[in-house]
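Quick note: residue numbers are just sequence positions, from 1. What you see is a predicted model, and the numbers here were worked out from it, not measured in a lab. Counting convention: from 1, in listed order, for ligands and their atoms alike.
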Amino acid sequence: MDLCDIQQIQALLGRHGFRFSKSLGQNFLIESWVPQDIAQASGAGAGTGVLEIGPGIGPLTAELARRAQRVAAVELDRDLLPILAETLADFSNVAVIPGDVMKLDLAALVKEQFSGLTPLVCANLPYNITTPVLTLLLESGLFSSITVMIQKEVAQRICAGPGNKDYGAFSVLCQYYAQAELLFEVPRECFLPAPKVTSAVVRLIPRPAPECVRDQAFFFRVVRGAFGLRRKTLLNALGAAFSLDKETLRGCIQAAGLSPEVRGERLGIPEFARLADAIQAAL
Ligand code: SAM
């Protein structure tokens, strides 16, 4: 069957008595070019094992299964399992894994499902868990690339550089772990039901941690502190985040080669790294 044909989808869902769940971020694809282009962009191919999060009724899963050696698709909604058993029946290289991706042992999954393969992620993510799921995937260090469809605004935040209005603590986190690229936009009309916002596909290619960062946990404390009070200067924002008097903090900011008047949104990873070292030395 055509898993993006709206009439066939409605008949399938009706036959199984399926009802959409808003809280599970269920917006299913109804334009076949979208799963085709996402699967193509993911790099799925011979020698790869692809983790998909939230297969829904399986349109992206099928495109991945046509390209990759193996696909493991984790689905939280148990009502979708009998539907997936039907729609993916022709693919012998797909394992549907019931469960919550946030609670799975990803390292064990990769070992069991993708032995000898290059592990990738490809998904049309449930939008309500975009930030925690991407953080989990990046921190895991398990995947060679992560290609996901998410809200366009979040995609722009992930890819924004210093000085851009969309740049924030999540941009720094993503760019610390990976090279991020916004690939293409997907209009609301491509989904059933249509979400309120435009979507976009981003590809994250993980890379080694930046050498300039010496203490990762402290670096991220400084980043969060600097963006915690977004409109404040570094001096005021970090004053609120660390128990350091203004004069000591001013000295740290200057020791890092920065102006106390500058805002966190102007700093890249090397500047944050210098600042973290200076503050840590003063504590
Ligand atoms: N891949 C399908 C498509 O493109 O048409 C469905 C995508 S829909 C945006 C998100 C899917 O993620 C739904 O099937 C939903 O049930 C599932 N989901 C939501 N939260 C999840 C979680 N924590 N773990 C695994 N799957 C989840």
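Heavy atoms of Ala123 found under 4.0 angstrom from ligand 1: none, in either backbone or side chain. By the criterion of a heavy-atom distance under 4.0 Å, neither the backbone nor the side chain of Asn128 is placed next to ligand 1. Contacts of Ile129 with ligand 1, taken as heavy-atom pairs under 4.0 Å, involve the side chain alone. Residue Met149 does not touch ligand 1, judged by heavy-atom distances below 4.0 Å. No part of Leu60 comes within 4.0 Å of ligand 1, judged by heavy-atom distances.
Here the heavy atom of the protein found nearest to atom 27 (C) of ligand 1 is Leu76 CB, 3.7 Å. Among all non-hydrogen protein atoms, the one lying nearest atom 2 (C) of ligand 1 is Pro55 O, 3.2 Å. Scanning the protein heavy atoms around atom 19 (C) of ligand 1, the nearest turns out to be Leu24 O, 3.1 Å. Of all protein heavy atoms, the one closest to atom 20 (N) of ligand 1 is Pro126 CG, 3.6 Å. Closest to atom 5 (O) of ligand 1, if we only count protein heavy atoms, is Leu29 N, 2.9 Å. Protein heavy atom closest to atom 23 (N) of ligand 1, with residue, atom name and distance, is Asp100 OD1, 2.9 Å. Scanning the protein for heavy atoms near atom 16 (O) of ligand 1, the closest one is Glu75 OE2, 2.6 Å. Of the protein's non-hydrogen atoms, Gly54 O, 2.8 Å is the one closest to atom 1 (N) of ligand 1.
Using bins of under 30°, 30° to 60° and over 60° for the plane-to-plane angle, the ring pair Phe272/Phe227 lands in the tilted bin. The aromatic rings of Phe191 and Tyr127 stand perpendicular to each other, their planes meeting at an angle above 60°, with 30° marking the opposite boundary.
A distance of 13.0 Å separates CD in Glu86 from CG in Leu81, rounded to the nearest 0.5 Å. Note: Asn128 CG to Leu24 CG = 7.5 Å, rounded to the nearest 0.5 Å. Annotation: the span from Leu64 atom CG to Arg70 atom CZ amounts to 13.5 Å, rounded to 0.5 Å. Annotation: the span from Arg66 atom CZ to Asn93 atom CG amounts to 10.5 Å, rounded to 0.5 Å.
Residue Asn27 has no nitrogen or oxygen atom sitting less than 3.5 Å from a nitrogen or oxygen atom of ligand 1, judged on distance alone. The shortest N or O to N or O distance between Asp77 and ligand 1 is not under 3.5 Å.
The residues Arg67 and Glu63 are annotated as salt-bridged, a charged nitrogen and a carboxylate oxygen being separated by less than 4.0 angstrom.
At least one side-chain heavy atom of Ile269 sits less than 4.5 Å from a side-chain heavy atom of Val213. Contact check for Leu234 versus Leu267: side-chain heavy atoms found under the 4.5 Å cut-off. Inter-residue side-chain proximity for Asp77 and Phe18 is flagged as met; some heavy-atom pair is nearer than 4.5 Å. Looking at Ile158 and Leu134, their side chains come closer than 4.5 Å, going by heavy atoms from C-beta outward. Contact annotation: the side chain of Leu106 approaches that of Leu137 to within less than 4.5 Å [non-hydrogen atoms, C-beta and beyond]. Within the 4.5 Å cutoff, the side chain of Leu60 has heavy atoms near those of the Cys122 side chain. Two residues are said to be in side-chain contact when any heavy atoms from C-beta on lie closer than 4.5 Å; Tyr176 and Val223 fail this criterion.
Note on ligand 1: Gly99 sits in its first shell, one or more heavy atoms being nearer than 4.0 Å. Under a 4.0 angstrom heavy-atom cut-off, Met102 registers as lying outside contact with ligand 1.
In summary, the atoms of ligand 1 found under 4.0 Å from a heavy atom of Gly56, numbered by their order in the structure, are 2 (C), 6 (C), 14 (O). Of all atoms in ligand 1, listed by their number and element, those nearer than 4.0 Å to a heavy atom of Val74 are 25 (C), 26 (N). Applying the 4.0 Å criterion to heavy atoms of Gln26 picks out, from ligand 1, the atoms 13 (C), 15 (C), 16 (O). Atoms of ligand 1 found under 4.0 Å from any heavy atom of Glu52, numbered from 1 in the order shown, are 1 (N). For ligand 1, the atoms lying closer than 4.0 Å to a non-hydrogen atom of Asn124 are 3 (C), 4 (O), 7 (C), 9 (C), 10 (C). Distances below 4.0 Å separate heavy atoms of Gly25 from the following atoms of ligand 1: 8 (S), 9 (C), 10 (C).
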